[in-house]
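The model shown is predicted, which means the values in this text are computed figures rather than measured ones. Chain identifiers are assigned alphabetically (A, B, ...) following the order of the sequence lines, protein sequences preceding nucleic acid strands; residue numbering begins at 1 within each chain.
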2 protein chains.
Amino acid sequence: MQQGITIGNVSQASGVKVPTIRYYEQIGLLPSPPRTEGNRRSYDHEDLERLTFIRHSRELGFEINEIRTLLSLQDQPTVSCEDADAIASKHLADVKLKIASLTALQQELERMVEGCSHGHVETCKVIDILADHGKCRFHGE
Amino acid sequence: MQQGITIGNVSQASGVKVPTIRYYEQIGLLPSPPRTEGNRRSYDHEDLERLTFIRHSRELGFEINEIRTLLSLQDQPTVSCEDADAIASKHLADVKLKIASLTALQQELERMVEGCSHGHVETCKVIDILADHGKCRFHGE
DNA sequence: GTACATCCTCTAGTGACTAGAGGAGCAAGC
DNA sequence: GCTTGCTCCTCTAGTCACTAGAGGATGTAC
């Protein structure tokens, strides 16, 4: 006789906000749980694990559709994990690119801020660099 | 007798797409240019500079509202550049945080991908780490 | 004159939520 | 039993910075 977990409790336990949980149900990422007599959602331990999986994946920057694939893979333990590996590898490559781009950006911003004369806008390096792309060393993305 | 630049040309020159230029006009980031007899937008060199400023700022990750402030600062050259400096400094701090977070994430993803057995999902590190937050060393953001 | 490119306006869609309205259910204290 | 206050329900609309597409007008090259 296992009684269900309320959405509030599953939210606390998983770290996913209540409206977000309902949103995940709406888009089919989380199965619709049974309801109580009073029409409240009633979750079990498996739902909590699934939500934790989702939250963790989101934290790691995976998109909802990638998570959809990862979740369906998790449900089929005997399948080859090639797909999961591909998703993670692609994601890793993206992250590396982003770090490189942000590092270049950081240098440019530092140059801007350090160059700030703390005087008038006329002589401000911040505005100056933004206005004239030629003075900028950042050409990332 | 200076004749106006078409939206297509100003788009090419600035690197901002045509619909985006119209969008910027709609939200009041770029002033509405005069129109030709045939109702086409007619830009001048100043508009091009402004657009370049916007594009560059967006590339550097500034938000539209920050750009609004930076642009209005640019228009008042005798004002103190404190505000511009504050915006850039805050942005720099954000970027540094993001780099730190992404670097932790990168390590975690590398651990996932390297640990992949290239076998079945059952023994796949990728799925394993996502499912069990305790096995993950990434607690960033 | 006829293709074809470019332009116009307008509405709606994207991703991943978040906010708010308006109402119902439930547990605790009096 | 009754009130208070919390959690829950559904639904719609808003966020950010664009992007896509419909349906039509204008401009230009041959």
Can you tell me the distance, in whole Å, between the [atom1] atom of [X] and the [atom2] atom of [N]?
X       : N      : atom1 : atom2 : result
A:Arg68 : C:dG15 : CZ    : C1'   : 12 Å
A:Ile27 : C:dG15 : CD1   : C1'   : 9 Å
B:Tyr43 : C:dT6  : OH    : C1'   : 14 Å
B:Glu59 : D:dC18 : CD    : P     : 11 Å

Which pairs of donor and acceptor atoms, one on a side chain in residues 26-38 of chain A, lie under 3.5 Å apart (sequence neighbours left out)?
unit_1  : atom_1 : unit_2  : atom_2 : d
A:Ser32 : OG     : A:Glu25 : OE2    : 3.3
A:Arg35 : NH1    : A:Asn39 : O      : 3.0
A:Arg35 : NH1    : A:Asn39 : OD1    : 3.3
A:Thr36 : OG1    : A:Gly38 : N      : 3.2
A:Thr36 : OG1    : A:Arg40 : N      : 3.1

Listed partners of [X] passing side chain to side chain donor-acceptor pair (under 3.5 Å), at least two apart:
X       : value
B:Asn9  : B:Thr6
A:Glu63 : none
A:Arg58 : none

All ring-ring contact (aromatic ring centres under 6.0 Å, His included) counterparts of A:Tyr24, not counting sequence neighbours: none
For B:Phe53, ring-ring contact (aromatic ring centres under 6.0 Å, His included) partners two or more places apart: none
Nucleotide-resolved protein contact map, nucleotides 16-24 of chain C, B/S/- at heavy-atom distance under 4.0 Å: BBS-----B
Pairing residues for A:Glu82 by the salt bridge (charged side-chain N to carboxylate O under 4.0 Å, His left out) criterion, not counting sequence neighbours: none
Strand contacts (DNA chain C) in residues 6-16 of chain B, 4.0 angstrom heavy-atom criterion: B:Thr6, B:Ile7, B:Gly8
Strictly under 3.5 Å: I want the nitrogen or oxygen pairs between protein and nucleotides 9-11 of chain C, one per line.
unit_1 : atom_1 : unit_2  : atom_2 : d
C:dT9  : OP1    : B:Arg35 : NH1    : 3.3
C:dT9  : OP1    : B:Arg35 : NH2    : 3.0
C:dT9  : OP2    : B:Arg41 : NH1    : 3.1
C:dT9  : OP2    : B:Arg41 : NH2    : 2.9

Any pair counted as side chain to side chain donor-acceptor pair (under 3.5 Å), so long as it reaches residues 13-23 of chain A, sequence neighbours left out: none
Side-chain (A:Asp85) to main-chain (A:Ala88) donor-acceptor, under 3.5 angstrom: no
Salt bridge (Lys or Arg N to Asp or Glu O under 4.0 Å) contacts in which one or both residues fall within residues 66-75 of chain B, not counting sequence neighbours: B:Arg50-B:Asp75
